[in-house]
Chemist: 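The structure under discussion is supplied below as structure tokens; questions concerning it will follow.
Order of appearance sets the numbers: ligands from 1, and atoms from 1 within every ligand.
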Amino acid sequence: MTGRLDPEDWEAFRRLAHRMADDLTEHLKTIAAKPPAVPLEPADYAAFEEPLPWTGVGWEGAYDQFRRHVLANHTLNLHPRFWGWVVGTGHAGALLSEMAVGALNAAASGGDVASVWVEQQVVDWLKHLLEYPGSASGLLVSGASMANLLALAVARNTRAPDDVRRGGIPALSAPLVVYASEERHSSVDKSVELLGLGRDNLRLVAVDAAYRIDLVALRRAIAEDRRAGRIPLAVVGSAGTVNTAAFDDLTALADVAAAEGLWLHVDGAFGALLAASAVYRDRVAGLDRADSVAFDLHKWLHMPYGVGCLLVRDAAAHRQAFALHPDYLDETALGPFSGPVRFDDYGIELSRPFRALSVWMAFWALGARPFIDAIEENMRQAELLAKLIDGEPRLERMAPVQGNIVCFRYVGDLADEDLLTTVNQRLILALGLTGTAVLSDTRLGGKLALRASITNHRTRREDLELLVRETARWGDELAKGLGSAPEGAEKA
Ligand SMILES: *Cc1c(COP(=O)(O)O)cnc(C)c1O
């Protein structure tokens, strides 16, 4: 029995499935022996510009395309020396669970069906993991950007003095103001824009020397807005900033929010997971007092992209912000539509992928412990990397290390800031192109910094030692190339 889109020859299909499982298993097994980045070839670009095929080449042919133009290039975040941006490395088991996701093709929105119960259970597990109140509501979403947007939508709809769902922003008597530090993630800005609050009403609060929100400046900004007749709405705390993995003082933010009647949202895309660590939990003390928390499972928990989670302390407020029931989505309908929860009541997606399955299977397979162990290992590795950098006179550390991100740069004998920028920009390329490591960069105090974000359970001590060695060596090489090591490397 087949539709037109299913295979005619199921046995050939089965053989291909086995072959793919073999090839992909091999790819993962041997990943460390490959370079962390493989540039695309002209043939790849040509393939990506092919027009829509009206007649297919069959699954064998499609797999061949994939192998040549996608798989051959993809080591990147699977690799032990990939430390760019904040990117999860995945884990091998996702190969199995994502196969199941594809085969089931569940549209996990509501109903008394396994996919809904599985997501509900995963959300409960996550609340437990983060020690967040069990009565909170939760939703799996595409990532922390979406979770931040939804959280601020709940804040707006709950705390605005008028019914924003009905009257919209124009019905408000005064602008609503959101507070976050200068180091907040850009998705906070986008959320404020999308919610119609206007970016001028996102108050960017200064940070201290460790890149944490300055609480005095925050209180002053709130007072100024009140005096000017604006309505302070919410404060967004960062549990792990993208630049330096700084942790805002969430307990203090919770106190400010309580005193001022503001919604406290925590963007804990990666850092919120430290709540599950007995060793590092202090970094996010106060997280359980937040009105809402956004965090990713596809970054530091290494679940397959894209899955993040939103938790909202007041479940009724969460539901009230989104629930809408047209006749064709009648709540009282029986049968498969009478499950424990309707996830579309808690967000804006109706048809939703079965994101929960891979998380659920991974926790069943490995337990939560090894995921938290890997996080703790990365924390220790960041401390080690900082120590290695501090012990290498040609390198300079650029920020305090409070989490899993280390910012540094090559200095050597160079003093000129423009030259330093050029050398360090080229360093990132050199490290990538020579198969040494993938880093990204940022600016700290106006200076270019190399940034190693260790959200990688495959990283070993030797990988970090290699990074420090090769950064110093390539830095010397590039500085020489610019004819700008006047004193000569010998003297240094
Ligand atoms: C990555 C990140 C986000 C956005 O998360 P996505 O999963 O990429 O949507 C938000 N905040 C912080 C601090 C992040 O690191």
Chemist: Give the numbers and elements of all ligand 1 atoms closer than 4.0 Å to a heavy atom of Gly240.
Modeler: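 Checking each atom against Gly240, I get 13 (C).
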Chemist: Where is the tightest heavy-atom contact between Leu172 and Leu176, given as atom of each residue plus distance?
Modeler: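 For Leu172 versus Leu176, the nearest heavy atoms are CD1-CD1, 3.5 Å.
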Chemist: Looking only at side chains, do Asn378 and Trp300 share a donor and an acceptor under 3.5 Å apart?
Modeler: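 The answer is yes; a qualifying pair exists.
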Chemist: What part of Ser187, side chain from CB on, backbone N/CA/C/O, both or neither, has a heavy atom under 4.0 Å from ligand 1?
Modeler: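 For Ser187, only side-chain atoms sit under 4.0 Å from ligand 1.
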Chemist: Which residue is it: Arg313, Arg289, Lys127? I am looking for the one with a side-chain contact (heavy atoms from CB on, under 4.5 Å) to Pro133.
Modeler: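 So, applying the side-chain contact (heavy atoms from CB on, under 4.5 Å) to Pro133 and each of Arg313, Arg289, Lys127, only Arg313 qualifies.
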Chemist: Using a 3.5 Å cut-off on N or O atoms only, is Ala144 in polar contact with ligand 1?
Modeler: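 Yes, Ala144 has an N/O under 3.5 Å of an N/O on ligand 1.
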Chemist: Whether Glu377 and Arg380 form a salt bridge (side-chain N of Lys/Arg under 4.0 Å from carboxylate O of Asp/Glu) is what I want to check.
Modeler: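 Looking at Glu377 together with Arg380, the answer is yes, because their closest N to O distance falls below 4.0 Å.
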Chemist: Which residue supplies the protein heavy atom nearest to atom 12 (C) of ligand 1, what is that atom called, and how far is it?
Modeler: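 Atom 12 (C) of ligand 1 sits closest to the protein heavy atom Ala269 CB, 3.2 Å.
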Chemist: If we only count N/O pairs under 3.5 Å, is Asp267 in contact with ligand 1?
Modeler: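 Indeed, backbone or side chain, Asp267 has an N or O that close.
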Chemist: Indicate the ring-plane relationship of Trp125 and Phe363, choosing parallel, tilted or perpendicular according to the 30° and 60° boundaries.
Modeler: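 Answer is perpendicular, since the angle exceeds 60°.
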Chemist: Show me which atoms of ligand 1 lie under 4.0 Å from any heavy atom of Val242.
Modeler: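 Those qualifying, in numeric order: 14 (C), 15 (O).
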Chemist: Looking at Asp296, which atoms of ligand 1 are within less than 4.0 Å of one of its heavy atoms?
Modeler: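 Contacts of ligand 1 toward Asp296, numbered from 1: 5 (O), 6 (P), 7 (O).
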Chemist: Where on His298 is there a heavy atom closer than 4.0 Å to ligand 1, on the side chain, on the backbone, on both, or on neither?
Modeler: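 Within the 4.0 Å criterion, His298 contacts ligand 1 through side-chain atoms alone.
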Chemist: Counting only heavy atoms, tell me which of Glu183, His185, Lys299, Met146 gets closest to atom 2 (C) of ligand 1.
Modeler: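 Among Glu183, His185, Lys299, Met146, the closest heavy atom to atom 2 (C) of ligand 1 comes from Lys299.
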Chemist: Could you tell me if Thr459 and Trp83 have a donor-acceptor pair between their side chains, going purely by distance under 3.5 Å?
Modeler: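 On atom types as modelled, these side chains qualify, holding a pair under 3.5 Å.
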Chemist: Checking side-chain polar atoms at under 3.5 Å, does Ser191 have a donor or acceptor matched by the opposite partner on Asn148?
Modeler: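 No - no donor-acceptor pair under 3.5 Å links their side chains.
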Chemist: So, are Glu465 and Arg469 salt-bridged, with charged N and O less than 4.0 Å apart?
Modeler: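 Salt bridge between Glu465 and Arg469, a charged N being under 4.0 Å from a carboxylate O: no.
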Chemist: Can you sort out which atoms of ligand 1 are near Phe270, meaning under 4.0 Å from one of its heavy atoms?
Modeler: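 Checking each atom against Phe270, I get 15 (O).
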Chemist: Who gets closest to atom 9 (O) of ligand 1 by heavy atom: Gly308, Gly143, Ser145?
Modeler: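 It is Ser145 whose heavy atom sits nearest to atom 9 (O) of ligand 1.
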